[in-house]
Novice: 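Pasting a structure below so you can have a look.
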Amino acid sequence: AAGHIPGDLIFKLKQIPDALYTRRGNDLYMTVRITLLESLVGFKKTFTHVDGHEVIVEKTDVTYCSQVYVVKGEGMPIRGNKSRKGDLWATLEIDFPKRFSNQQKDLIRQAMA
């Protein structure tokens, strides 16, 4: 503009922390808590992605402690190639019960025999 000295305009971008996801490069990381029963028989959980669409994390078999489930293409858009995205890495954490009643223990023994 007339009367102003030309110069550089500097923007500082700050990423706002998300309660569910952590970003590392183009990949997103999250922790999914499941019950002991879900760890043994499977589960299906739905989460809202940072862009608002729904993402499903589903397993039909046994889950081990801190097992990582990768959802391909559900990370952040790759700069310079909007058609490609990083991945979503979900660490599956099992909420173990504090205790079982004797009746529950007997049922578990029967189921596992």
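Numbers here are sequence positions counted from 1.
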Novice: Supply the atom-to-atom distance Gln104 CD to Arg99 CZ, rounded to the nearest 0.5 angstrom.
Specialist: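 Going from the CD atom of Gln104 to the CZ atom of Arg99 covers 11.0 Å.
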Novice: Kindly work out whether a path of hydrophobic side-chain contacts (I/L/V/M/F/W/Y, heavy atoms less than 4.5 Å apart) joins Val70 to Val50.
Specialist: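 Looking at the clustering, Val50 is in a separate group from Val70.
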Novice: Could you measure the distance from the CD1 atom of Ile56 to the CD atom of Glu74? Nearest 0.5 Å is fine.
Specialist: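 The distance works out to 9.5 Å.
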Novice: Is there a side chain to side chain contact (heavy atoms under 4.5 Å, CB included) between Glu93 and Cys65 once you walk through the steps?
Specialist: CA-CA 6 Å; Glu93 294 293 342; Cys65 288; 5.7 Å; no
Novice: Taking the side chain as C-beta and beyond, is there a heavy-atom pair between Phe43 and Leu37 under 4.5 Å?
Specialist: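 Contact flag for Phe43/Leu37 side chains = no.
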Novice: Hey, quick one: are Met112 and Val41 part of the same hydrophobic cluster, counting side-chain heavy atoms closer than 4.5 Å, chains of contacts allowed?
Specialist: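 Met112 clusters together with Val41.
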Novice: Are the side chain of Arg79 and the backbone N or O of Asn81 linked by a donor-acceptor pair below 3.5 Å?
Specialist: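 Pair absent, no side-chain N/O of Arg79 close to backbone of Asn81.
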Novice: What class does the angle between the rings of Tyr21 and His49 fall in, given that below 30° is parallel, 30 to 60° is tilted and above 60° is perpendicular?
Specialist: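 Ring orientation of Tyr21 relative to His49: tilted.
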Novice: Which atoms form the tightest heavy-atom contact between Asn26 and Arg23, and what is the distance?
Specialist: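 Shortest heavy-atom contact: OD1-NH2, 4.0 Å.
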Novice: Please report the closest heavy-atom contact between Ile94 and Arg33, naming both atoms and the distance.
Specialist: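 That would be O-NH2, 4.4 Å.
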Novice: May I ask you to test the Val32-Leu92 pair for a side-chain heavy-atom distance under 4.5 Å?
Specialist: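 Yes. Closest side-chain heavy atoms under 4.5 Å.
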Novice: Out of curiosity, does Ile108 fall in the hydrophobic cluster containing Leu36 (side-chain heavy atoms, cut-off under 4.5 Å, transitive links)?
Specialist: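 Looking at the clustering, Ile108 is in the same group as Leu36.
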Novice: Would you say Val71 and Phe47 make side-chain contact, with heavy atoms under 4.5 Å?
Specialist: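 Counting from C-beta outward, Val71 and Phe47 never come under 4.5 Å.
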Novice: Are the side chains of Arg84 and Pro77 in contact, using a 4.5 Å heavy-atom criterion?
Specialist: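 No, their side chains stay 4.5 Å or more apart.
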Novice: Are Ile78 and Met76 in one and the same hydrophobic cluster, where Ile, Leu, Val, Met, Phe, Trp and Tyr link if side-chain heavy atoms are under 4.5 Å apart?
Specialist: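 Per the 4.5 Å side-chain linkage, Ile78 and Met76 are not co-clustered.
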Novice: Just wondering, more than 12 heavy atoms not from Glu54 lying within 6.0 Å of its CD?
Specialist: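 It does: Glu54 CD has more than 12 such atoms within range.
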Novice: Would Leu20 end up clustered with Tyr29 when hydrophobic side chains under 4.5 Å apart are linked, directly or stepwise?
Specialist: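 In one cluster with Leu20: Tyr29, no.
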Novice: Using a 3.5 Å distance criterion without hydrogens, assess whether the side chain of Asp27 forms a donor-acceptor pair with backbone atoms of Leu88.
Specialist: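 Answer holds: no.
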